[in-house]
There are 2 protein chains.
Amino acid sequence: MYQNKEATPGPAAEICERIWLSIAERKLRPGTRLKEEQLAEVFEVSRARVRQALAMLESDGLVTILPNRGAFVSEPGVDEARDVFHFRRQVEARVLERLMANIADTAIPQLEAHLALEREADARGDTTATIRLSGGFHLLLAELSGSGFLTSTLRDLISRSTLITTMYRRHSHHNCGPDEHAGLIARIRARDLPGALRLMEDHLRHVEDELDLTEDVPVLRDLRDALV
Amino acid sequence: MYQNKEATPGPAAEICERIWLSIAERKLRPGTRLKEEQLAEVFEVSRARVRQALAMLESDGLVTILPNRGAFVSEPGVDEARDVFHFRRQVEARVLERLMANIADTAIPQLEAHLALEREADARGDTTATIRLSGGFHLLLAELSGSGFLTSTLRDLISRSTLITTMYRRHSHHNCGPDEHAGLIARIRARDLPGALRLMEDHLRHVEDELDLTEDVPVLRDLRDALV
DNA sequence: TTCAACATGATTGTCGACATTTTTGTTGTC
DNA sequence: GACAACAAAAATGTCGACAATCATGTTGAA
């Protein structure tokens, strides 16, 4: 998912992308078993490549691999959910600080171009593109900050956020729409770091507040482990 | 490295461990090329397993893989170094909060047992064991906090910290000795969260302050990219 | 009827061989 | 002598087949 410039140029990233989108669109529910051969057949690739993709998804926290058992869509608990959002706020704040401190001339036009894509996808009701572009906006901010570490860290957190939102959302996904992103761009253009930080904080808290993090959803795999 | 209970039970983790230790001991310097066949020969394993290990190390940020070019020991810049320490402080703080909020009866004895191992390794001058156990203490705290997410995140950050320390340290490694860990255990036993947080903060800042983060070290790979 | 041991099927894990790409060394020409 | 094109070598990337492991269904005896 969200492959950046240098890393994962391979075609395995495409498998990741499609699996991730299926998760984001709730076509693949948490706990679902992902059989390698089956995926290889669906995507018309070798099993080795599926394996490779699953390993990537595991490091992103999207799937859980049990040795000799198989891969499953992860089922993060509420504690993990809170931790993820907690650190996402921290990372995104750091991103804004770095971005403001050393902003490139091309940053604003790039952000606006991305925003235009978001609005277009939103207008034509393309939820798949909307989901991807929505996360992509935050990731673009990280890339523009110039820190590869922040970028890869945030990519991980965004993936996890999407899965968590899928599991615990109360109403509609909402998924941070273009309007709030437009506000962020305005603050960045105005070199208003405190304002941007506040907006980002509100933005992310808003997403978290839409979730029902009062109790864990039943975890299938734990049943198994419980009766050992 | 630092393999926790469930994840990476495979023998590939052993390759990671040995490569990581070689990096930590400065036997493998940043920028060093890691040829797959060569590693396979040294460790007497198949090349596929080496490949697997290198992929893990890449996700930990310890090696950088350039497609069709090979794997190299990573060379984090000063900005990345600061980001890593910044988030390590955040994560370790969160770990302490979770640990204090929901502490198990066996936590203190486990920590003390680990501390004993650290002191023993330190006493007999076993730097290899000292390095591993030193990071292991922090990782044990994360495991005791009960959060798999914090644990995996911190493992990543500790690996990166070690590499960064290797690159930018001014004097001796220091590498957070057992004494400071003993202080942390005392605060935890006393249920003194603010005190523990302060100690951890000082502890980590102390490590960072020992580094010379004023300028990037010359990056070999950039020379190549520069003359494109 | 129940439980345990076993046999079968399905699925994951591993390895070696081959294809592709990059790098290095050479040759030939200007 | 320098440079470009080409050829050879080395390294990485990919794939298919086999081995090991786990889940399931069956059979047998208590």
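In what follows, every chain begins at residue 1, and chains take the letters A, B, ... in the order their sequences are listed.
- Between B:R51 and the phosphate of D:dG13, there is a side-chain N or O to OP1/OP2 separation shorter than 4.0 Å.
- As judged by a 4.0 angstrom heavy-atom cut-off over every strand, B:L34 is placed among residues touching the sugar-phosphate backbone only.
- The nearest whole Å value for the distance from the CD atom in B:Q38 to the P atom in D:dA11 is 8 Å.
- Residue A:R33 places at least one side-chain N or O closer than 4.0 Å to OP1 or OP2 of C:dT12.
- Rounding to whole angstrom units, CD1 of residue A:I15 and P of D:dC15 are separated by 10 Å.
- Of the residues near DNA chain D, A:N68 and A:S46, the one whose nearest nucleotide (by heavy atom distance) lies more toward the 5' end is A:S46.
- In this structure, A:F43 places its CZ atom 15 Å from P of D:dC15, rounding to the nearest Å.
- Between A:R132 and A:E17 there is a salt bridge, since a side-chain N of the basic residue sits under 4.0 Å from a carboxylate O of the acidic one.
- Regarding A:Q52, its CD atom lies at a distance of 15 Å from the P atom of D:dT12, rounded to whole Å.
- The side chain of A:E36 lies closest to C:dT12, out of D:dA23, D:dC15, C:dT12.
- Among the atoms of the strands shown, only primed sugar atoms or phosphate atoms (P, OP1, OP2) are found under 4.0 Å from some heavy atom of B:R49.
- Open room surrounds CZ on A:R29; 12 or fewer heavy atoms of other groups in view lie less than 6.0 Å from it.
- Atom pair B:E37:CD and C:dT23:P shows a separation of 17 Å (rounding to whole Å applied).
- B:I65 places its CD1 atom 14 Å from the C1' atom of D:dA11, with the value rounded to the nearest Å.
- For B:R69, the side-chain atoms get nearest to C:dT23 when compared with the rest of D:dC22, C:dT23, C:dT12.
- The only option from B:I131, B:D60, B:I15 that meets the side-chain contact (heavy atoms from CB on, under 4.5 Å) definition with B:W20 turns out to be B:I131.
- With hydrogens and angles ignored, a donor-acceptor pair under 3.5 angstrom links the side chain of A:R47 to the base of C:dG13.
- Rounded to an integer number of Å, the gap from CD of B:E41 to P of D:dA10 is 14 Å.
- Between A:H138 and A:H181, the angle of the ring planes goes over 60°, which puts this pair in the perpendicular group of the 30/60° scheme.
- A salt bridge links A:E36 with A:R51; the closest basic N to acidic carboxylate O contact falls under 4.0 Å.
- Distance from the side chain of A:A48 is smallest for D:dC15 among the nucleotides C:dT14, D:dC22, D:dC15.
- In this structure, A:L66 places its CG atom 14 Å from C1' of C:dT11, rounding to the nearest Å.
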